[in-house]
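Atoms within each ligand, like the ligands themselves, are counted from 1 in listed order.
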Amino acid sequence: MYTVPKLTDYSSAALEKAASELLAALEAEAAAVRSETDWKEFRDRWMARKNGVLTQVNDLWLKAAPKDAKRDVGQRVNELKAKVEQGIDAALGRAKGGESKLTGSVDITLPGIRRPLGTEHPVIKTMNEIVSIFRNLGYSVAEGPEVESDYYNFESLNFPPNHPARDMQDTLFIANQESKPARDRLLLRTHTSPVQIRTMEKLKPPIRIVIPGKVYRNDPPDASHSPMFHQIEGLAVDNNITFGDLKGTLDHAMKALFGSSVKTQFRPSFFPFTEPSAEMMVSCFICGGSGRRGSEPCRPCKTTGWIEILGCGMVDPNVFEFVKRNGYDPKKVSGFAFGMGADRIAILKYGVDDIQLFFQGDVRFLEQFA
Ligand code: 2NL
């Protein structure tokens, strides 16, 4: 235990050394204070009028100092007093904080309040699965705004001016935009394709990207429609990309998603932004392609043995014209693109019979996917 030494040397260096030894002792003793009782003992040892450390410092250092050193010693003793008081105050805070854990009113052996752990929503889970299949093939993920301009949502995707999707009936437009040029008017994106254009404006070919996200249509809600739903689109552009690349890539993706025994089939279709276009069918993974489940007809494939899962095609050269200046000359590059509804795939995968269930937030429904 520290005792206050008598001083024989009152030089500045000697005073400095004595002061720092005293403060080191203060710090060590403060660190050992664990409870309020400890703290009172600590306070009395340093502050007591009778024989406290500060009283001894006063007697042994200040009073005993020769006349010409008194000023200097007095100043140092005052500094030390302030530091000792600070150290004692701080130790009280720590003593109280430490003590409440041991003897306060909180019983730390009681179980805590459990926060219910969230899980991925079934649609998000499905999107993440699809995204990771393409990431494993070297694709990057891109995202973009849900409020889009007519230019990115329609014009640059080769939609003719009077295409029905551009009608108020089908698309949700932002109100009061009549004063803007048509191409700048804002709307809720009806597909994630605008992000493909935005990405081609930023990145030169070759590119391979997938785009998951929310899209909007002016559809009244029912068992198979929702004004907000989810889409995943993909795009690959390089020299010499062929329809064979499209078929091989999507066949692999469907086997990874639904199991290696599914078969795929392509049927001719039409989209404004692809030429040629196709819809891809996957053999029904519910009935194994037979169209029947025992004696019952298979509902998901309507007994056909095939389920339509996505739309795809070779990027229309007219689309490349809009991003030609960034290296997408349709004479030099080609590409394939595809789009699928993530909600519909989740419905098929999990055997859900109403898309509305995904968006009502009923925990009894959602926790089945936890
Ligand atoms: C569907 C069909 C499709 C695309 C999306 C696309 C994007 C660009 C250029 C060409 Cl920038 N195509 N996207 C192509 C074919 C089909 O979606 O049924 N989606 C739910």
Side-chain angles (χ1 to χ4, degrees), residues 123 126-127 130 134 139-140 142-145 148-149 151-160 163 165 170-171 189-217 219 224-238 241-243 245-247 249-250 253-254 257 264 266-282 307-324 326-328 330 333-348 355:
V123 173
T126 303
M127 287 216 285
I130 298 167
F134 284 95
Y139 282 62
S140 308
E143 289 184 301
E148 261 299 359
S149 64
Y151 174 79
Y152 283 113
N153 197 76
F154 294 128
E155 194 177 325
S156 64
L157 288 160
N158 199 38
F159 280 71
H163 192 282
D170 291 300
T171 297
R189 69 180 182 193
T190 59
H191 44 198
T192 50
S193 320
V195 187
Q196 317 241 33
I197 302 290
R198 288 176 177 278
T199 309
M200 286 192 281
E201 286 177 346
K202 281 199 213 101
L203 306 176
K204 295 193 189 313
I207 59 163
R208 280 142 178 70
I209 50 170
V210 277
I211 294 142
K214 292 187 185 339
V215 300
Y216 302 83
R217 305 241 170 119
D219 284 331
S224 54
H225 295 82
S226 162
M228 184 281 299
F229 58 103
H230 298 81
Q231 201 181 19
I232 299 189
E233 275 193 64
L235 174 72
V237 183
D238 204 338
I241 295 258
T242 67
F243 203 91
D245 296 318
L246 178 159
K247 289 177 80 172
T249 302
L250 293 180
M254 293 304 116
L257 187 59
T264 57
F266 291 82
R267 297 181 186 175
S269 185
F270 176 83
F271 300 106
F273 32 67
T274 46
E275 182 61 34
S277 305
E279 55 200 35
M280 188 190 202
M281 312 296 289
V282 172
I307 293 178
E308 185 192 333
I309 217 79
L310 56 78
C312 56
M314 301 306 290
V315 178
D316 193 302
N318 292 342
V319 172
F320 283 139
E321 286 294 333
F322 288 94
V323 285
K324 194 171 175 171
N326 199 29
Y328 294 87
V333 296
S334 59
F336 67 76
F338 55 90
M340 60 192 117
D343 322 78
R344 213 177 92 77
I345 293 174
I347 282 172
L348 290 167
I355 193 175

Within the 4.0 Å heavy-atom shell around Thr274, which atoms of ligand 1 are there? 10 (C), 12 (N), 14 (C), 15 (C)

Residues that Phe134 engages under ring-ring contact (aromatic ring centres under 6.0 Å, His included), provided they are two or more places apart: Tyr139, Phe338

Interatomic distance, Thr192 atom OG1 to Ile232 atom CD1 [nearest 0.5 angstrom]: 8.5 Å

Relative to each other, are the rings of Phe320 and Tyr328 parallel, tilted or perpendicular (30° and 60° limits)? parallel

Protein residue, atom and distance nearest to atom 11 (Cl) of ligand 1, heavy-atom basis: Gln196 CB, 3.2 Å

To the nearest 0.1 Å, how far is atom 1 (C) of ligand 1 from its closest protein heavy atom, and which atom is that? Gly339 O, 3.4 Å

Atoms of ligand 1 under 4.0 Å from any heavy atom of Leu157, numbered from 1 in the order shown, are 8 (C), 11 (Cl)

Closest approach of any protein heavy atom to atom 10 (C) of ligand 1, naming residue and atom: Phe273 O, 3.3 Å

Please work out whether any backbone atom (N, CA, C, O) or any side-chain heavy atom from C-beta onward of Cys312 is under 4.0 Å from ligand 1, and answer side chain, backbone, both or neither. backbone

Any Lys/Arg nitrogen of Arg198 or Glu201 sitting under 4.0 Å from an Asp/Glu carboxylate oxygen of the other? no

List ligand 1 atoms under 4.0 Å from Phe271, heavy atoms only on the residue side. 2 (C), 15 (C), 16 (C)

N/O of Gln231 under 3.5 Å from N/O of ligand 1, yes or no? yes

Does Glu143 CD have over 12 foreign heavy atoms under 6.0 Å away? no

Between Leu250 and Leu310, is any pair of side-chain heavy atoms under 4.5 Å apart? yes

Would you mind checking which non-hydrogen protein atom is closest to atom 13 (N) of ligand 1, with the distance to 0.1 Å? Glu233 OE1, 2.6 Å

Could you pull out all residues at least two apart from Asn158 that satisfy side chain to side chain contact (heavy atoms under 4.5 Å, CB included)? Asp316, Asn318, Val319

